[in-house]
Amino acid sequence: MKNKEIAKIFFNIASFLETEKADFRTIAYKRAALSLESLDEDVEEIYLDKGLAGLEEIPTIGKNLALKIEEYIKTGKIKEYEKLKKKLPVNIDEIIRVEGMGVKKAKILYQKLGVKTIKDLEKSAKDHKIAPLFGFGEKTENNILQGIEFLKIDKGRSLLGFIMPEVEKIILKLENLKEVKKTSIAGSARRMKETIGDIDILVASDNPEKVNNFFVSLPGIKKVWAKGPTKSSVHLKEGFDVDLRIVKEESFGSALQYFTGSKEHNIATRKIAIKKGLKLNEYGVFRGKKKIAGQTEEDVYNAIGLSYIEPEMREDDGEVQLALENKLPKIIGYKDIKGDLHCHSNWDGGKNLIEEMAEFAINIGYEYIGISDHTKFLRIENGLNESQLLKQREKIKKINEKFKTKNFIILHGCEANILSDGSIDIKDEVLEKLDYVIAGVHSSMKIDRKKMTDRIIKAMKNPNVDIISHPTGRLIQKRDEYQIDLEKILKTAKETGIILEINSWPERLDLKDIYIKMAKKAGVKMIINTDAHEKSQMHLMKFGISQARRGWAEKSDIINTLPAGELLKYFI
DNA sequence: GCCGTTTTCGGCCCGACTGTTTTCAGTCG
């Protein structure tokens, strides 16, 4: 996929152009870069398939940019970009990562001091060469040094599952303040993106000053970037920024809509407002000077003629048009799940007894749980062999007797291994005795695309296999997906009735949102599981659900929204 | 440079905060 490479070049071209003049060409390049970044299809394939015309079908790509993409595919270079680099030989994308540094400052620092890299920048700041420059000063110089320090320990984006508890802690503290009327998570955390750059929090209050002062003095804050009457921005010791915005309660809905983003979604909604002769900003929806909405997000969307759009869908990926036509899908809700079928017990080295897992499931309102321990190929995980599985089955039968009165049932499955030849590591005569069988790849992950696809398809065709766990094997920020032909896998899933898992583990979230969309389109059913190795991890379900929501999955696409009786029909 | 349920030309989302300046450009979201 050359999408990301070209996107990066377009971003940099925009930056270079911006150092000369911030006209709409820069915006066009930035938009094109964003659109390429989020494009599912490979631009190179589009080009090989349909030529320039195909490229021009991509929104934000016109004749000129299509030619540039063609040039890159053919020659590996874009002449205009090379020219711009020669004119301003600065690692522009690197330097503007320093908080407070933008392209204009970067250009001046190159011209005056020859700064080309972050290293040069750091040296110039340390030698106090920046402060005396016109337009700069002591504070700017210090901020640059601090920004560089933070970058050095910056882990980049954090996993949603890691950052969410931190957000909740801060929100809890804010809620305890009597001046605070309402709070909400906003930004990409509210949209439940799988990784989060920084945290955005919105507060409704009539005393913003008090809230702001309280916020910037919270423990763990290493640097206050900005603090104004309605907004402040800080850097936490955990390595990320938190932005707080305070508005009056009457504007809470419009502020939340604005602050949740995405940026592209906001631009799209504001354009709709303009077309209707309205203005949308964080204070409300306005007709002339008259405010016609703002208290709730529903009001805001309705006022500009849209139906309410769930935060997880706000990526400007067609949702605005559907909201305009009142045709949005009703995506799965956080309370629709009736049970978790990918749970490990202490039989395979998990932490809890089967009974403990079941009791926890009952307490969080589930109607069933599925125990699916690892099988024998995974020795390191104490995988169960055939006789152990049969023994476990007897045990579960007995435990189920106890839960009969509670209208709860433990289903018995396993998470078997798809071996490198596509066979399953447990004999069929045992597999067929289980309530259901999950199969997953846990070894030989680097084989080529055709072999991996054939391997998984062979497993899917085993009549005893019901579910494929974490189908692409990715570990976010750690390990790429296995090479697979997803189209073929989806086709086979549809033919065989195989269920694909959405694994809720924060570093898996596998299938991911765009694949969920593809699966839904292909008519393939999915199941959201946690892969819990101890009972409290069943709470991770919300991250799987959020991924499903980002993939626009509806309740009917997800089989564990069904009661046990109906669910089991999928496993016959 | 892109794009069209006002347009093939003339628009392109909108506002907050800082630092340096003395009224605003640059940066951020």
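Every chain is numbered from 1 and lettered A, B, ... according to where its sequence line falls, protein lines coming before strand lines. A quick note: this is a predicted structure, and the numbers were derived from the prediction, not measured.
The CG atom of A/Leu244 sits 14 Å away from the C1' atom of B/dG29 (whole-angstrom rounding). Atom CD1 in A/Ile267 sits roughly 19 Å away from atom P in B/dG11 (whole-Å rounding). The distance between atom CG of A/Asn266 and atom C1' of B/dA16, rounded to the nearest whole Å, is 15 Å. The CE-P distance, from A/Met101 to B/dA25, rounds to 19 Å in whole Å. The separation between A/Glu99 atom CD and B/dG29 atom C1' is 10 Å, rounded to whole Å. Computed from coordinates, the A/Leu67 CG to B/dC2 P distance equals 9 Å when rounded to whole Å. Whole-Å rounding puts the A/Leu34 CG to B/dC12 C1' distance at 15 Å. The CD1 atom of A/Ile272 sits 15 Å away from the C1' atom of B/dC12 (whole-angstrom rounding).
Closest approach of A/Ile502 to A/Ala548, counting heavy atoms only: CD1-CB, 3.9 Å. Minimum interatomic distance between A/Ala303 and A/Ala293 (heavy atoms only, all atoms of both residues): CB-CB, 3.6 Å.
Spacing of P atoms, B/dT6 relative to B/dC2, comes out at 23 Å, to the nearest Å. Atom name C1', nucleotides B/dG26 and B/dT21: the rounded distance is 13 Å, in whole Å. The separation of B/dT8 from B/dC12, taken at their C1' atoms, amounts to 16 Å, rounded to a whole angstrom. Rounded to whole Å, the separation between the P atoms of B/dT22 and B/dC17 comes to 23 Å. Using atom P as the reference point in both B/dT20 and B/dC13, the two lie 31 Å apart (nearest Å). Rounded to whole Å, the P atom of B/dA16 lies 25 Å from the corresponding atom of B/dG11.
Taking every side-chain heavy atom of A/Arg245 into account, B/dA16 is the closest of B/dA16, B/dG1, B/dC13. Of the candidate nucleotides B/dC17, B/dG26, B/dT6, B/dC17 has the atom nearest to the side chain of A/Lys231. The listed nucleotides are B/dG26, B/dC12, B/dG29; the one nearest the side chain of A/Lys105 is B/dG26. In this structure, of B/dG1, B/dT6, B/dC13, it is B/dC13 that holds the atom nearest to the side chain of A/Ile274. Taking the side chain of A/Asp198 as heavy atoms from C-beta on, and the options B/dT6, B/dG29, B/dG19, the nearest nucleotide is B/dG29. Across B/dG29, B/dC13, B/dG19, the shortest atom-to-atom separation from the side chain of A/Asp243 is found for B/dG29. Relative to the side chain of A/Ala226, the nucleotides B/dT18, B/dG29, B/dA16 differ in distance, and B/dT18 lies closest. Distances from the side chain of A/Tyr283 to the nucleotides B/dC28, B/dT20, B/dG15 place B/dG15 closest. Nearest nucleotide to the A/Lys104 side chain, out of B/dG26, B/dC17, B/dC14: B/dG26.
Across all strands, A/Leu65 comes closer than 4.0 Å only to sugar-phosphate atoms, never to a base (heavy-atom distances). Base contact: A/Tyr258 has a heavy atom under 4.0 Å from a base atom. Contacts of A/Asn64 with the nucleic acid, taken as non-hydrogen atoms under 4.0 Å apart, involve only primed sugar atoms and P, OP1 or OP2. As judged by a 4.0 angstrom heavy-atom cut-off over every strand, A/Lys139 is placed among residues touching the sugar-phosphate backbone only.
A distance cut-off of 5.5 Å between ring centres, combined with a plane angle under 30°, leaves A/Phe136 outside any stacking arrangement with the base of B/dT20.
Contact annotation: A/Lys227 does not reach the phosphate of B/dT18 (side-chain N/O to OP1 or OP2, under 4.0 Å). Between A/Thr60 and B/dC3 there is no side-chain polar atom (N or O) within less than 4.0 angstrom of OP1 or OP2. Of the side-chain N and O atoms in A/Thr230, one or more sit less than 4.0 angstrom from OP1 or OP2 of B/dC17.
No donor-acceptor contact under 3.5 angstrom links the side chains of A/Asn12 and A/Lys85, judged on distance only. A donor and an acceptor atom, one from each side chain of A/Arg31 and A/Thr60, are nowhere located under 3.5 Å apart. Remark: the A/Glu175 side chain and the A/Thr183 side chain contain an N/O donor-acceptor pair separated by less than 3.5 Å.
Both A/Ile108 and A/Ile58 sit near DNA chain B, but only A/Ile58 has its closest nucleotide nearer the 5' end. Comparing A/Asp241 and A/Ala66, the nucleotide of DNA chain B nearest to each residue sits closer to the 5' end for A/Ala66.
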Determine, stepwise, if the pair A/Glu141 / A/Lys126 fulfils salt bridge (charged side-chain N to carboxylate O under 4.0 Å, His left out). CA-CA 8 Å; A/Glu141 191 173 84; A/Lys126 279 190 173 155; over 6 Å; no
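Cation-pi geometry between A/Lys512 and A/Tyr515 is satisfied (NZ or CZ under 6.0 Å from the ring centre, within 45° of the ring normal).
Checking side-chain atoms of A/Arg191 against main-chain N and O of A/Thr260 turns up a donor-acceptor pair under 3.5 Å.
Base pairing of B/dC9: its partner is B/dG4, meeting the Watson-Crick or G-U wobble criterion (both donor-acceptor distances under 3.5 Å).
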